[in-house]
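Computed from a prediction, not measured in an experiment: that's the story for all the values here. Chain A is the first sequence line, chain B the second, and so forth, proteins listed ahead of strands; every chain is numbered from 1.
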Protein chains: 2
Amino acid sequence: MEANSLIQTLNNITILSPAIQQEIKLHLIEERFNRKAIILKAGQVSQRIYFIKEGFIRAFYQKNGSDYTSWFMGQGDIIVSVYSFFSRKPSFENIQILENSVLQSINWDQLQQLYKTFPGFNLTGRLITEQYYIKSEERSIALQTLTAKQRYDALLLAYPGILQKATLGQIASYLSIKQETLSRIRAKV
Amino acid sequence: MEANSLIQTLNNITILSPAIQQEIKLHLIEERFNRKAIILKAGQVSQRIYFIKEGFIRAFYQKNGSDYTSWFMGQGDIIVSVYSFFSRKPSFENIQILENSVLQSINWDQLQQLYKTFPGFNLTGRLITEQYYIKSEERSIALQTLTAKQRYDALLLAYPGILQKATLGQIASYLSIKQETLSRIRAKV
DNA sequence: GATAAGGTTTGACTAAAGTCAAAAAACAGG
DNA sequence: CCTGTTTTTTGACTTTAGTCAAACCTTATC
């Protein structure tokens, strides 16, 4: 089995039967995307759920004329605009490639078909959603209980190469501070 | 069928077969809890997932010597310390009754048994988790894009009776501001 | 209905982050 | 390697929220 593939990642969550694996492989497509490409635009309904085989990506939304980064995601992560993909409503967020990436994906209809054909596959979907829920909760806790400097340090720890991939403006918006503030935090060592 | 019961709420998400409904009813217990009772203490592994038939509840955690309210929840909500219940690790948060409540609940083993016996029930679990994920995301967005006053107004709108049930200290900690700041926001009308 | 405990408000001051503008540095293409 | 664009830093100033302490309410209880 190929390293860093979606199938392998799913198998690490819970073993999939050969039949499901076969069916997933049948629909999975692999694509390359270049830096700065937008793979989901706000206003569109998210149609595909992606797996990052290689690369670095962010999700962001705009409000009151500013950008807010929701997430950074790297190799091995599953990315999707949860709200739009699952509710089938227009997305409020954009998904943007930050470094040339190789993504595997399947579309909504195919995923629903998988759930229908293999009810037990809902277990995988549920576990992934639980994991992402916990991540989201951790983010809220960090925003409430850590200083801006501590959040910055934690981000660098989680994504060591991030300074080469994202701009300080993007990072600041993820940390919930202004770029000037981040610049001053960095200056102070 | 009883109004505001867990079974009814689950059926609104996706229709359950009579067999699953029967099995759930078999394990569901209903209990009354009084104001100030703690139904989950930090450090314990969360064993039960609750449905609020009636009442008002909050989850909070302690860090750096302060209380942080994670959630307020009312009638019709399903409550659980997601992290602890699903990972089976000690909870970092407490769940506290704010007004006398009637809760229905089942324990972890019984829920897993349900998932095992009825693989399609994972669909319900997945959809609920998706809903809660979206709520968590909305919370982060509110924290990033709304002023403290706007967050306060939104909370009052979501839970009109909250001022009679929770203290201003609890509300302030949910809004991510100090009690004194909330007091001043209220004074300025 | 006096008292204590819990909860809320106010005041004076401090700290942290935002704003706006401009300068400096880094980068990308021709 | 020059030039325009984007990104990052710096400065002066304002705004918002936090801190600590005291005073003031409200509620429950004896």
Taking side chain as C-beta onward, heavy atoms only, is B:Tyr115 less than 4.5 Å from A:Asn122? no
Under 4.0 Å from OP1 or OP2 of C:dT8: is there any side-chain N or O of B:Arg186 that close? no
Mutual orientation of the aromatic rings belonging to B:Tyr50 and B:Phe33 [parallel < 30°, tilted 30-60°, perpendicular > 60°]: perpendicular
Within the 4.5 Å heavy-atom criterion, are B:Arg48 and B:Ile29 side-chain neighbours or not? yes
Flag the pair B:Ile134 / A:Val82 as yes when at least one side-chain heavy-atom distance between them is below 4.5 Å, and no otherwise. yes
Separation of D:dT10 atom C1' from A:Gln179 atom CD, nearest Å, is 12 Å
Note, A:Asn100 side chain near A:Arg32 side chain (heavy atom, < 4.5 Å): no
Identify whether the distance between the nearest side-chain nitrogen and carboxylate oxygen of B:Glu130 and B:Arg126 falls below 4.0 Å. yes
For B:Leu182 and D:dT16, what is the distance between atoms CG and C1' respectively, to the nearest whole Å? 15 Å
May I ask you to check whether B:Tyr159 and B:Phe56 place their ring centres under 6.0 Å from each other? yes
Classify every nucleotide of nucleotides 12-30 of chain C by which part a protein heavy atom approaches to under 4.0 Å, writing B for the base, S for the sugar-phosphate alone and - for neither, in 5'-to-3' order. B----SSBB----------
Taking atom C1' of C:dG7 as reference, at what distance in whole Å does atom CG of B:Leu98 sit? 15 Å
One would report the end-axis bend of the helix from C:dG1-D:dC30 to C:dG30-D:dC1, five pairs per end and rounded to 10 degrees, as 50°
Send over the distance from A:Ile171 CD1 to D:dT7 P, rounded to a whole Å. 12 Å
Taking side chain as C-beta onward, heavy atoms only, is B:Asp67 less than 4.5 Å from B:Arg58? yes
Are B:Arg139 and B:Tyr174 in a cation-pi contact, defined as NZ or CZ under 6.0 Å from the six-membered ring centre and within 45° of the axis? yes
Hey, is CZ on A:Arg88 packed in by over 12 heavy atoms from elsewhere, all under 6.0 Å? yes
Within residues 158-167 of chain A: residues closer than 4.0 Å to DNA chain C (heavy atoms): none
Are A:Leu146 and A:Leu175 co-members of a hydrophobic cluster defined by side-chain heavy atoms under 4.5 Å apart? no
